[in-house]
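Only one structure is covered here, and it is reproduced in the block below.
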Amino acid sequence: MSTPVIGVLALQGDVREHLVALAEADALARPVRRAEELAEVDALVIPGGESTTMSKLALLFGVMDPLRERVAAGMPVYGTCAGMIMLADKILDGRDDQETVGGIDMTVRRNAFGRQNESFESGIAFKGMDDAPVHGVFIRAPWVEAVGAGVEVLAELPAADGPDSRIVAVRQGNLLATSFHPELTGDHRVHAYFVRMVEEHLVAAAR
């Protein structure tokens with residue numbers, strides 16, 4: 001099987017770090033800004049940033065509708081932080097006119113972990129990665145308030161203000177999302193997990 005080509009939506013956010021992490025996970029990584037570039041990749045990463053700005057830029061650059069079409073057709077997509085918000089079907093504390101790509105049956109709360117100066121790092125028990133916790137960076141991060149029956153919860157973080165846990169990583173079919181930024185840590189296991197998702201999708205599509 002050929003090496004998967006994975007794009008990183010390069011409208012805003014930590015694009016370079018994702019490109020490096022994908023390359024370390026044995027994918028061919030390239031930036032994507034326009035619809036014609038999106039058409040040339042097997043999968044996409046939507047990075048962190050500011051979700052309302054990213055949404056506006058995706059519309060401005062004409063990539064929002066083609067991205068929705070690719071997601072509906074089964075293209076694998078991984079969203080981190082703002083990218084998680086972009087993949088959510090429902091948003092809490094968003095702008096009234098904020099649009100998303102959608103695809104994951106979840107409700108996400110924007111900036112749920114606090115402001116920029118409340119950013120933090122944490123080890124996270126990630127389903128299927130039993131060797132060591134994943135190192136996650138949370139920067140104005142969302143969390144998942146609720147998920148539908150078809151969504152698999154991959155990681156939760158204990159709540160600081162009570163006994164409940166906050167959902168911080170989910171998967172639905174070919175869509176993956178995390179509240180945190182693994183690309184900022186040098187721990188590329190989540191990217192490797194996504195690359196395996198893409199490879200499995202390509203094998204299935206070739207049958």
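By convention here, the first residue in the shown sequence is residue 1.
Residues forming a salt bridge (Lys or Arg N to Asp or Glu O under 4.0 Å) with R34 (at least two apart in sequence, or on another chain): none.
Between R189 and D131 a salt bridge is recorded (basic side-chain N to carboxylate O distance below 4.0 Å). Ion pairing between a basic and an acidic side chain is recognised when a charged N comes within 4.0 Å of a carboxylate O; E152 and K127 show such pairing.
Between the E50 side chain and the T53 main chain, a donor and an acceptor come within less than 3.5 Å of each other. No donor-acceptor pair under 3.5 Å is formed between the side chain of E24 and the backbone N or O of V20. Of the possible donor and acceptor atoms, one in the side chain of S179 sits under 3.5 Å from a partner among the backbone N and O of P142. Using modelled atom types, one side-chain atom of D42 and one backbone atom of V5 make a donor-acceptor pair closer than 3.5 Å.
In this structure, V8 and V32 have side chains that are not in contact, with every pair of non-hydrogen atoms separated by 4.5 Å or more.
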* **side chain to side chain donor-acceptor pair (under 3.5 Å) evaluation trace for S122 with H135** => CA-CA 6 Å; S122 178; H135 188 185; over 6 Å; no

* Might you work through the side chain to side chain contact (heavy atoms under 4.5 Å, CB included) test for V168 and F126, ending with a clear yes or no? => CA-CA 10 Å; V168 295; F126 197 99; over 6 Å; no

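Within a 6.0 Å radius of CZ in R30, other residues, nucleotides and ligands contribute 12 heavy atoms or fewer.
Geometrically, R109 does not engage W143 in a cation-pi contact, judged by NZ or CZ lying under 6.0 Å from the ring centre and within 45° of the ring axis.
Counting only residues at least two apart or in different chains, ring-ring contact (aromatic ring centres under 6.0 Å, His included) contacts with residues 166-188 comprise F138-F180. Listed by first and then second residue, the ring-ring contact (aromatic ring centres under 6.0 Å, His included) pairs that reach into residues 43-78 are Y78-H191, Y78-F194, sequence neighbours excluded.
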